[in-house]
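Each remark here refers to the structure printed beneath this line.
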Amino acid sequence: MLQCVFLLSDSGEVMVEKQMTAHRVDRAICGWFWEYVLAHAAGDPSKVVVSPTHYLFQVYRSGVTFLACTQVEMPPLMAIEFLSRVADVLTDYLGDINEDTIKDNFVIVYQILDEMMDNGFPLTTEPNILKELVAQPNMVSKMLNVMTGKSSTIGSKLPDATASFVPWRTTIVKDASNEVYVNIVEELDACVNREGVLVKCEACGEIEVNSSLPGLPELTLSFANPTIINDVRFHPCVRFRPWESNQILSFVPPDGQFKLMSYRVKKLKTTPIYVKPQLSSDSGNCRVHVMVGIRNDPGKPIDSIIVQFQLPPLIASADLTANHGTVDILADQTCVWTIGHIPKDKAPSLSGNLRLEEGLAHLHAFPIFQVKFRIMGAALSGLQIDKLDMKNTPSAPYKGFRAQTQAGRYEVRS
């Protein structure tokens, strides 16, 4: 049971406070939490924090920290999932969530939180029901609120979907264009040690669906190679029994865009590009040479390639140049090499010299290189959609499929 939810800005300011139960949580707990965050700024703060008086759960999105508090033991994933759902709903309502949009739409945020939880327990979390309960903000409603002095956007009647066996879908879909799009989005996490050996490589993916189908359609999605999938997580619309028996996704889709499932594919054998750093240090200097190239061609263009690393401490000056792309050294001593795409006639390389501070002959801490890239039209895990069947549709709908992969946490040790 969650007793209170706070929304904090990047400076630690409490923007929204929603007490969920009769037991009031003192706002001072936010001060304790912010001191904990600052003390662990060098790493990634835990999603679950135990304070002297409360259990705290936090989710960070776009400069806003969603913080939930309780004094009783409860499943941590339940609290984290609820906060993630709150963040997703607010993003759906307000677009990009940040400190300004939260403050400008404080009343709507408060009303959404009021509808999503009842006496500390999750109640209504489906966006389509919430949109019938709490109207989305627009210029007309804001002008009427100013003129009439009323700030409530709560609907006067109960949404029809609350009585439906598929509460994630409205009973009447307006302006349905009779089409559905399926998008595979993956992030590649990899770690390469200083000898150039691939220590870890896995893909974390999501199946995103954008549905605009009339009526109450029944969809069945199957994969050509479902056995490679691990750690699956489904939208509530997915029926678990068909997946458990035949690895088939059977569902009645919500209207609009939603995440059908997330998954992980482990123990991949190779990465699409290689990064080979070479650093040698002596006599107060550190020579740097980094090469980038294609290791395993995915058959689609690789673009938005960026290699960045933190300059080691005790560096007096840095002189780095590249034969392709641009090199920038930011104020926080991060070197960002923006490559873009790899040309066919030459392999991009970065070279130069790092001058150590006086009194230092050798560099003792070598940097870790972070790699970013994007591939449109390919899922590097190898996951392939076999077919998408539909029932209960008045006519044959248009079906579109797409895949893309981008780098997640891709590290190369030097």
Open item on the list: Taking Asp189 first and then Lys200, would you say they form a salt bridge - that is, a charged N and a carboxylate O separated by under 4.0 Å?
Closed with: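 No salt bridge links Asp189 with Lys200.
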
Open item on the list: Regarding Arg239 and Glu218, does a basic nitrogen lie under 4.0 Å from an acidic carboxylate oxygen?
Closed with: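 Counted as a salt bridge, because a side-chain N and a carboxylate O are separated by less than 4.0 Å.
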
[Y] backbone acceptor or donor facing [X] side chain under 3.5 Å:
X      : Y      : answer
Ser9   : Glu99  : no
His54  : Leu56  : no
Glu244 : Phe240 : no
Thr334 : Leu330 : no
Thr70  : Met1   : yes
Glu202 : Ala190 : no
Glu13  : Leu8   : no
Tyr93  : Val134 : yes
Thr393 : Ala396 : no
Thr405 : Ile375 : no

Between [X] and [Y]: side-chain donor-acceptor atoms closer than 3.5 Å:
X      : Y      : result
Gln58  : Tyr36  : no
Asn353 : Asn285 : yes
Gln308 : Gln370 : no

Taking C-beta and beyond as the side chain, do [X] and [Y] meet within less than 4.5 Å on heavy atoms?
X      : Y      : answer
Phe369 : Val192 : no
Val238 : Met261 : no
Glu126 : Met116 : no
Asp92  : Lys131 : yes
Asn183 : Gln404 : yes
Gln3   : Cys69  : no
Pro52  : Trp32  : yes
Tyr55  : Leu2   : no

Task: Contact summary for Phe57 and Leu83, nearest pair of heavy atoms - done: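 Closest pair (atom of Phe57, atom of Leu83, distance): O-CD1, 3.4 Å.
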
- [ ] Compare every heavy atom of Asn323 with every heavy atom of Ser349, then report the nearest pair and how far apart it is.
- [x]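 Taking every non-hydrogen atom into account, N-OD1, 2.8 Å.
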
Open item on the list: What verdict does the ring-ring contact (aromatic ring centres under 6.0 Å, His included) test give for His235 and Phe251, after you've listed the backbone C-alpha separation in whole Å, the side-chain angles of each residue and the deciding distance to 0.1 Å?
Closed with: CA-CA 9 Å; His235 186 277; Phe251 59 98; 8.8 Å; no

- [ ] Check whether more than 12 heavy atoms from other residues, nucleotides or ligands sit under 6.0 Å from atom NZ of Lys276, and answer yes or no.
- [x]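 12 or below, so no.
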
- [ ] Can you label the angle between the Tyr110 ring and the Phe106 ring as parallel, tilted or perpendicular, going by 30° and 60°?
- [x]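 The arrangement is tilted - the two ring planes meet at 30° to 60°.
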
